[in-house]
2 protein chains.
Amino acid sequence: MFLLCAMKLAEAKEQFIQQWGILGSQWGINRTMAQVHALLMVASQPLSTDDIMEQLNISRGNANMNVRDLINWQLVQKVIVSGDRKEYFTAEKDIWKVATCIMYQRKKRELDPMLKVLDKLNDIEGDKKTAEVKAFTETIANIQRFAGHAEKTLDTVIRAEENWFFSNFMKMFK
Amino acid sequence: MFLLCAMKLAEAKEQFIQQWGILGSQWGINRTMAQVHALLMVASQPLSTDDIMEQLNISRGNANMNVRDLINWQLVQKVIVSGDRKEYFTAEKDIWKVATCIMYQRKKRELDPMLKVLDKLNDIEGDKKTAEVKAFTETIANIQRFAGHAEKTLDTVIRAEENWFFSNFMKMFK
DNA sequence: TTTTATTTTCAATTTATTTTGAAAGTACAG
DNA sequence: CTGTACTTTCAAAATAAATTGAAAATAAAA
């Protein structure tokens with residue numbers, strides 16, 4: 001009975017890991033990095049590099065690099081187990097915190113550089129009234145205004161939703 | 001004077017196209033597809049496949065495939081010019097519509113399949129009170145609740161922002 | 001119908017990304 | 001210090017993704 005249950009759980013974890021990997025790769029995140037993240041999210045305890053290697057069938061170098069990247073993304077943390085020389089790792093399990101973290105990180109890393117470029121594109125030499133120039137600067141200005149607006153909205157939503165975990169916690173008693 | 005101006009505009013367009021390509025590729029979109037999209041967004045008139053090939057230095061097959069993909073994404077439309085056998089293409093220029101379109105498409109194509117898998121992972125054989133099983137199902141349920149919540153929020157934001165274009169239009173007169 | 005302009009397809013190639021694994025680096029224990 | 005356990009690095013290899021270009025398909029014109 002215990003084995004049956006364990007089997008099924010392992011299977012479910014496996015499917016979750018695979019799907020999270022697919023989702024990640026569709027959004028420009030290394031599939032293996034997403035899988036490591038998924039593995040740690042559903043792990044009931046911190047895992048070592050060897051655990052990760054074994055469970056995902058990947059090499060030591062690969063496991064190490066992806067764990068480092070996840071730590072950089074602040075999605076994974078090192079765990080020190082006293083009396084053990086190995087390093088262990090855990091992932092943030094509250095999906096709201098995960099989402100917030102990813103949104104902020106990607107904004108900083110990928111959206112901000114775009115906005116910096118857009119800023120530069122505002123002054124174009126010559127006649128600002130040429131139809132072509134006007135159309136271009138208007139499109140750029142439009143994107144900038146949208147970005148500013150989106151940023152504010154994001155902050156608002158994040159702040160408004162900070163009680164999400166709590167309200168969620170309440171539902172467990174319904 | 002005209003040439004100087006044209007030069008600068010071309011340069012600015014070029015930079016925008018490059019940056020949009022980088023941004024796209026970071027978010028899992030083919031760099032060239034993003035570049036074609038950018039090119040059409042800042043084009044003052046519809047472009048043919050040959051125009052796209054020339055401006056981005058890409059092959060006919062590549063240009064054709066990426067334009068088709070963009071049409072599938074509903075970000076680009078075919079334009080018929082009477083008396084011309086060639087097909088021309090334009091992109092939606094209102095960035096709000098572009099963003100809304102992309103959000104809906106990616107949700108449908110990439111997020112929904114994930115949610116479908118999560119649904120299946122809810123019934124695990126055996127004792128639901130095992131700490132491990134409980135932790136796993138709770139994590140999954142958490143993601144599902146988050147997704148449902150995010151979906152509602154997205155709809156709300158989109159509806160609340162539908163006047164964005166109008167309020168934006170007003171700013172032009174300030 | 002036949003010719004001609006244009007679009008589409010896809011196998012082969014090129015380019016980019018990911019992964020490996022073994023050597024080098026670190027740091028703790030004795 | 002020396003040996004041992006573990007982590008990090010990175011050039012080479014493997015894999016995945018994008019691109020080409022020419023042939024096949026399509027459709028308008030003559």
Side-chain angles (χ1 to χ4, degrees), chain A residues 17-40 46-73 76-90 106 109-110, chain B residues 17-40 46-73 76-90 106 109-110:
Chain A
I17 290 164
Q18 292 309 321
Q19 196 61 31
W20 199 257
I22 290 169
L23 185 62
S25 67
Q26 285 168 329
W27 287 75
I29 280 131
N30 179 308
R31 176 174 314 223
T32 303
M33 175 167 148
Q35 286 179 341
V36 173
H37 182 225
L39 174 62
L40 291 173
L47 301 182
S48 68
T49 302
D50 291 271
D51 295 329
I52 295 167
M53 285 167 64
E54 196 195 337
Q55 302 226 24
L56 301 179
N57 289 299
I58 59 175
S59 70
R60 184 170 302 284
N62 199 5
N64 180 268
M65 276 178 152
N66 285 115
V67 167
R68 294 302 133 197
D69 280 351
L70 284 164
I71 290 173
N72 272 340
W73 278 74
V76 162
Q77 282 186 301
K78 200 181 285 193
V79 173
I80 293 161
V81 175
S82 65
D84 196 335
R85 230 150 116 180
K86 268 188 197 158
E87 289 180 335
Y88 289 81
F89 308 97
T90 16
R106 300 202 76 161
R109 291 164 190 236
E110 295 146 13
Chain B
I17 290 165
Q18 291 309 322
Q19 196 61 31
W20 199 257
I22 290 168
L23 186 62
S25 68
Q26 284 169 329
W27 287 75
I29 279 130
N30 178 309
R31 176 173 315 224
T32 303
M33 177 167 147
Q35 287 179 340
V36 173
H37 182 224
L39 175 63
L40 291 173
L47 301 181
S48 68
T49 302
D50 292 271
D51 295 329
I52 295 167
M53 285 167 64
E54 197 194 338
Q55 302 227 24
L56 300 180
N57 289 300
I58 58 174
S59 71
R60 185 171 301 284
N62 198 5
N64 180 268
M65 276 179 151
N66 283 115
V67 166
R68 293 304 131 193
D69 280 350
L70 284 163
I71 290 173
N72 271 341
W73 277 73
V76 162
Q77 281 187 302
K78 201 182 285 193
V79 173
I80 293 162
V81 174
S82 64
D84 196 335
R85 228 150 118 179
K86 269 187 195 160
E87 290 179 335
Y88 289 81
F89 307 97
T90 15
R106 299 202 77 160
R109 291 164 190 237
E110 295 146 13

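From a predicted model like this one, the values you see are computed outputs, not experimental measurements. Within every chain, numbering begins at 1; the chains are lettered A, B, ... in the order of the sequence lines, protein sequences first and strands thereafter.
For Gln55(B), the side-chain contact (heavy atoms from CB on, under 4.5 Å) criterion is met by Leu39(B), not counting sequence neighbours. Taking Ser48(B) as the reference, Asp50(B), Asp51(B), Lys86(B), Tyr88(B) meet the side-chain contact (heavy atoms from CB on, under 4.5 Å) condition, with sequence neighbours excluded. In terms of the side-chain contact (heavy atoms from CB on, under 4.5 Å) criterion, residue partners of Gln18(A) (sequence neighbours excluded) are, by chain and number, Glu14(A), Gln35(A).
Of all heavy-atom pairs between Arg109(A) and Asn72(A), the closest is NH2-O, 3.6 Å. Here the closest non-hydrogen pair linking Ile52(B) and Phe89(B) is CD1-CD1, 4.4 Å. Glu110(A) and Leu23(B) get closest at one heavy-atom pair: O-CD1, 3.4 Å. Asn64(A) and Thr49(A) make their closest contact through N-CG2, 4.4 Å (heavy atoms, listed as atom of the first residue, atom of the second, distance). The shortest non-hydrogen separation linking Trp20(B) to Ala34(B) is CD1-O, 3.1 Å.
Scanning residues 28-36 of chain B for heavy-atom distances under 4.0 Å to DNA chain C yields an empty list.
For the pair Asn62(B) and Asp50(B), both in contact range of DNA chain C, the more 5′-proximal nearest nucleotide belongs to Asp50(B). For the pair Asp84(A) and Gly61(A), nearest-nucleotide mapping onto DNA chain D gives the more 5' position to Asp84(A).
Reading DNA chain C from its 5' end, the first and the last nucleotide to sit under 4.0 Å from a heavy atom of chain B are dT4(C) to dC10(C). Once you apply a 4.0 Å limit to the heavy atoms of chain A, the touched nucleotides of DNA chain D run 5' to 3' over dT4(D) to dC10(D).
The aromatic rings of Trp27(B) and Trp27(A) stand perpendicular to each other, their planes meeting at an angle above 60°, with 30° marking the opposite boundary.
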Yes or no on side-chain contact (heavy atoms from CB on, under 4.5 Å) for Arg68(B) and Ile71(B), after CA distance, side-chain angles and deciding distance? CA-CA 5 Å; Arg68(B) 293 304 131 193; Ile71(B) 290 173; 3.9 Å; yes
